[in-house]
Protein chains: 2
Amino acid sequence: MPAKIQPEHHNASSAGTMPGNRARNKLLREQQLLQLAQNILQQDGFAGLTMDRLTAASEVSKGTIYNHFCSKEDLITALSVDSLQRQLLLFHQVLALPGHSRERALALHYAYYRFSTAEPTLFLCLLSATTAAVVEKTSATRLAQRQALEQQLLSCCEQVINQAIADKALQLQAGRGIDQLTYLQWALAFGANALYGPSQQMGFFQGLEQQQLMLAGINLLLDGLDWTPLSGQFDYQQSWRRIAAALPQTQAAQ
Amino acid sequence: MPAKIQPEHHNASSAGTMPGNRARNKLLREQQLLQLAQNILQQDGFAGLTMDRLTAASEVSKGTIYNHFCSKEDLITALSVDSLQRQLLLFHQVLALPGHSRERALALHYAYYRFSTAEPTLFLCLLSATTAAVVEKTSATRLAQRQALEQQLLSCCEQVINQAIADKALQLQAGRGIDQLTYLQWALAFGANALYGPSQQMGFFQGLEQQQLMLAGINLLLDGLDWTPLSGQFDYQQSWRRIAAALPQTQAAQ
DNA sequence: ACCTGAACACCGTTCAAGT
DNA sequence: ACCTGAACACCGTTCAAGT
């Protein structure tokens, strides 16, 4: 028997659609719209995503769509928020795996890599959502949502570094903060994924095996930080494979 | 006395505009159009760049503009080609400076950083020019131009690595190729510049001093490779400052 | 051979009219 | 209070007519 949620009574009105239910319905429809938008993105790429097509794919009118997203840019930011939520989910999954601190850092890199390859269009969305032109035309509440999620993702990273310091696997040199380490790793991961990734950017690197390269880059960086166990003393290739196998493969399609 | 290039005679025609002259004029006008496009970009950002506005800013008609650029995307790729040319110029300037191999690698990083901050809109152009949507709609000859320039930029990087190997400042481990090293450094540089750079992407890293961070990241990576002299044995901060001072500051405006 | 600009198709956004 | 879709403004692209 499906759980039918009854409206609260404190707001007197006739039977049928109550305010609580209504807000929930609106949110539900927004998620449906976002799903439709992602389908369009996957089928026809970024240029294929127009408000007209989204309207046609949905069961509501253009005006109603603008009731949810104040502009096309707002829609894109909404998609990026959705992406960050999935990314955060991946981060949590991957942090639940067993292993020492450096393996957990590696796991975060893997999760980021996995997302960028499994959802190339969404990765592009994330990128363009940070563009000034898009930011300027998105609602304040949506921007706040994104910022909150970004903060949560960062917390995951910092948590791992803090653990490493507590375990004495890593010592911070003078003048080097946790935010700096996070930034550097994020930059390497972002660059590697963007260069190889969604849009085949920079065609000249296509011959290389990306996963091996990413792992090599991460090892160089973390060895440079003296984050033990160093790559000479531990088989991180096996860690990478183990993490990859542990993550559910049902990420690509839906 | 200005050098007036005379047309060849093998193509009989009346006096005045000869084929050679004509081709040169066309190229000249194309460069003027690109300059106008960049002015618009700098003033009103990416969204402000429309074919209408470019037409209005120029002294030719819309049809003529489409004679130069087969689509708006072709124009964007043309701008990216222009950017790569400037970048290559910077690379050459910076490689002419004195110093050992690791300092030269650092100099390339500096040139890349300098370009991304001095010309944020062009850096964005470079990024979006790699997008599938843009690539699909640009002419084959323009794409070939870009690829050739990318190859030249890569050559600069590989040249430095080769020099380092010849100088015994760097030894390649088994299974590690020059292209891998180039890729990793490029990824870190690209990520760091994109994350901090043109569009203030990822607001959460804004508090950090980017130049210090980049230098730290490069040092970690190159120390990890055992590229001597290591950062503990050499003052790369000073190198960075020296390189910065040596490069002409007249890069931003025009 | 090259240039022109009116004309067309498409897309983001709005808003008066409906329920 | 919310939905609708016609209407508007804008922009990329084309092409018949001009020189």
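Because only heavy atoms are used, hydrogens play no part in the values below, and waters and symmetry mates are left out as well, while side chains stay in. Residue numbers begin at 1 in each chain, while the letters A, B, ... track the order of the sequences. On a predicted model such as this, the values are computed, not experimentally measured, just so you know.
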Min side-chain heavy-atom separation A/F123-A/S83 under 4.5 Å: no
Separation of atom CD1 in B/I65 from atom P in D/dT14, rounded to whole Å: 14 Å
Base D/dT13 to side chain B/K62, donor-acceptor N/O within 3.5 Å cut-off: yes
Nearest-Å distance for atom pair CG/P, residues B/L54 and C/dT4: 13 Å
Given C/dT4, C/dT13, D/dC3, the nucleotide with the shortest approach to the side chain of B/S61: C/dT4
Sidechain N-carboxylate O distance under 4.0 Å for B/E150, B/R146: yes
Whole-Å gap separating C1' (D/dC3) and OH (A/Y66): 16 Å
Minimal non-hydrogen separation, B/I76 against B/C125, with atom names: CG2-O, 4.3 Å
Nucleotide D/dT14, atom C1' - distance to CG of B/D52 in whole Å: 14 Å
B/T50 side-chain N/O to D/dC10 phosphate OP1/OP2 under 4.0 Å: no
Contact check, side chains of B/T77 and B/F69, non-hydrogen atoms, under 4.5 Å: no
Atom-to-atom span, NE2 of B/H68 to P of D/dT13 - whole angstrom: 16 Å
Test side-chain hydrogen bond (donor to acceptor under 3.5 Å, both in side chains) applied to A/Q211 and A/Y113, step by step: CA-CA 9 Å; A/Q211 295 191 49; A/Y113 157 76; 3.0 Å; yes
Derivation and outcome, side-chain hydrogen bond (donor to acceptor under 3.5 Å, both in side chains), residues A/D82 and A/Q38: CA-CA 10 Å; A/D82 196 86; A/Q38 283 178 44; 3.1 Å; yes
Phosphate OP1/OP2 of C/dC3 contacted by B/R29 side-chain N/O (<4.0 Å): yes
Euclidean distance, atom CD of residue A/E59 to atom C1' of D/dT4 [Å, nearest integer]: 15 Å
Side-chain N or O of B/N67 closer than 4.0 Å to phosphate OP1/OP2 of C/dC2: no
For atom CG of B/L49 and atom P of D/dC11, their distance in whole Å: 11 Å
Touch class at under 4.0 angstrom, heavy-atom based, for A/K26 against every strand present: nothing
Stem regions touching DNA chain D, defined by at least 3 consecutive Watson-Crick or wobble G-U pairs below 3.5 angstrom: C:4-8 with D:12-16, C:12-16 with D:4-8
Nearest-nucleotide 5' precedence on DNA chain C, A/R53 against A/G63: A/R53
Between C/dC10 (P) and A/K72 (NZ): distance, integer Å: 16 Å
Inter- and intrachain pairs under salt bridge (Lys or Arg N to Asp or Glu O under 4.0 Å), touching residues 48-66 of chain A, at least two apart: A/D44-A/R53, A/D52-A/K62
D/dG12 phosphate, OP1 or OP2, under 4.0 Å from B/S71 side-chain N/O: no
